[in-house]
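Here the structure is laid out as structure tokens; the discussion comes afterwards.
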Amino acid sequence: MSSEAFETITLEGILAPKNLYQALLKVEANKGSAGVDGMGTGELRKYFLEHPGELTDKIRKGEYKPSPIKRVYIPKDNGEQRPLGIPTVIDRFVQQAVTLVLSREYEKVFRDMSYGFRPNRDCRMAVRKAMEHIKDGYVWVVDLDLRKFFDTVNHSKLIQLLS
């Protein structure tokens, strides 16, 4: 993978008004619970109107620090509890702004047969594609669920690869 493939990933691209607006719409649409600060997704737009440019200035100056994650546990079908981390809506907004820019670039190099956590793809589409392969004579389908992947991945190595 060459560095030229990702030359459009810049801080200014992430902080572009159009990208930030798309990030705001996504966070509002996703809803979700409040993080440690108690701010809900319905309050995010008002916050930005009352604090214009504050967040982007902090990001540009390298002063932005994500808030702690709120830990909650949700029940699983087998009776166990699954830990879930809930970022603040401001942190979700920043993550979404970065994700939008990264996704546009990474989508160019992902293989068409990959479906996990990709825009405009879901498990039903993956199953339909697997059924097409079966009709074509293939007999194996690989479905991976990497349990606790993000809890156990080497974050330093991941950041090194992404940079």
Side-chain angles (χ1 to χ4, degrees), residues 1 3-77 81-112 114-126 145-163:
M1 191 172 347
S3 61
E4 298 89 40
F6 303 111
E7 64 189 47
T8 60
I9 299 174
T10 65
L11 185 58
E12 289 310 310
I14 292 167
L15 298 179
K18 182 178 179 183
N19 190 60
L20 294 178
Y21 182 66
Q22 290 300 314
L24 175 64
L25 294 177
K26 286 231 180 223
V27 171
E28 288 175 334
N30 289 342
K31 299 194 184 336
S33 299
V36 294
D37 63 356
M39 183 190 298
T41 55
E43 301 169 76
L44 187 58
R45 191 177 293 244
K46 181 181 176 198
Y47 172 84
F48 289 134
L49 290 172
E50 292 173 354
H51 302 89
E54 189 176 297
L55 179 61
T56 54
D57 287 346
K58 281 184 179 179
I59 292 170
R60 281 190 178 96
K61 292 176 184 174
E63 297 171 356
Y64 166 75
K65 299 275 187 257
S67 297
I69 301 292
K70 180 179 179 181
R71 178 66 78 183
V72 297
Y73 294 88
I74 57 174
K76 292 170 59 173
D77 291 341
Q81 298 275 325
R82 180 175 149 235
L84 185 65
I86 303 174
T88 65
V89 292
I90 290 173
D91 291 342
R92 278 184 259 172
F93 168 78
V94 172
Q95 292 169 5
Q96 189 60 241
V98 172
T99 297
L100 288 168
V101 171
L102 288 177
S103 290
R104 284 192 289 269
E105 295 305 313
Y106 280 107
E107 279 299 309
K108 296 174 187 175
V109 295
F110 283 158
R111 301 207 45 184
D112 189 50
S114 172
Y115 288 85
F117 299 99
R118 296 204 32 215
N120 304 313
R121 291 172 180 248
D122 61 26
C123 61
R124 286 182 184 90
M125 295 168 76
D145 184 4
L146 303 176
R147 184 176 180 185
K148 297 186 179 182
F149 173 77
F150 292 106
D151 294 338
T152 59
V153 69
N154 182 329
H155 289 92
S156 297
K157 185 68 173 175
L158 179 60
I159 289 170
Q160 179 185 12
L161 288 169
L162 288 173
S163 67

Query raised in the report: With Y64, which residues qualify under ring pair (Phe, Tyr, Trp, His ring centres under 6.0 Å), at least two apart?
Result: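 Per chain and number, Y64 pairs via ring pair (Phe, Tyr, Trp, His ring centres under 6.0 Å) with no residue.
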
Enumerate donor-acceptor pairs with a distance under 3.5 Å from any side-chain N or O in residues 33-43 to protein atoms, sequence neighbours excluded.
| residue | atom | partner | partner atom | Å |
| --- | --- | --- | --- | --- |
| D37 | OD1 | M39 | N | 3.1 |
| E43 | OE2 | G40 | N | 2.7 |

Non-neighbouring partners of [X] that pass side chain to side chain contact (heavy atoms under 4.5 Å, CB included), sequence neighbours left out:
X: N154; value: S156, K157
X: K76; value: N78, E80, R82
X: P52; value: none
X: E50; value: K46

side-chain hydrogen bond (donor to acceptor under 3.5 Å, both in side chains) involving [X] - partner list, sequence neighbours excluded:
X: N19; value: R104
X: E107; value: R118
X: E12; value: R60
X: D112; value: R121

Give every donor-acceptor pair under 3.5 Å between a side-chain atom in residues 93-103 and any protein atom, sequence neighbours left out.
| residue | atom | partner | partner atom | Å |
| --- | --- | --- | --- | --- |
| T99 | OG1 | Q95 | O | 2.8 |
| S103 | OG | T99 | O | 2.9 |

Query - Contact list for residues 11-46, test ring pair (Phe, Tyr, Trp, His ring centres under 6.0 Å), sequence neighbours left out - result: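 As it turns out, there is no ring pair (Phe, Tyr, Trp, His ring centres under 6.0 Å) pair with a partner in residues 11-46 once direct neighbours are skipped.
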
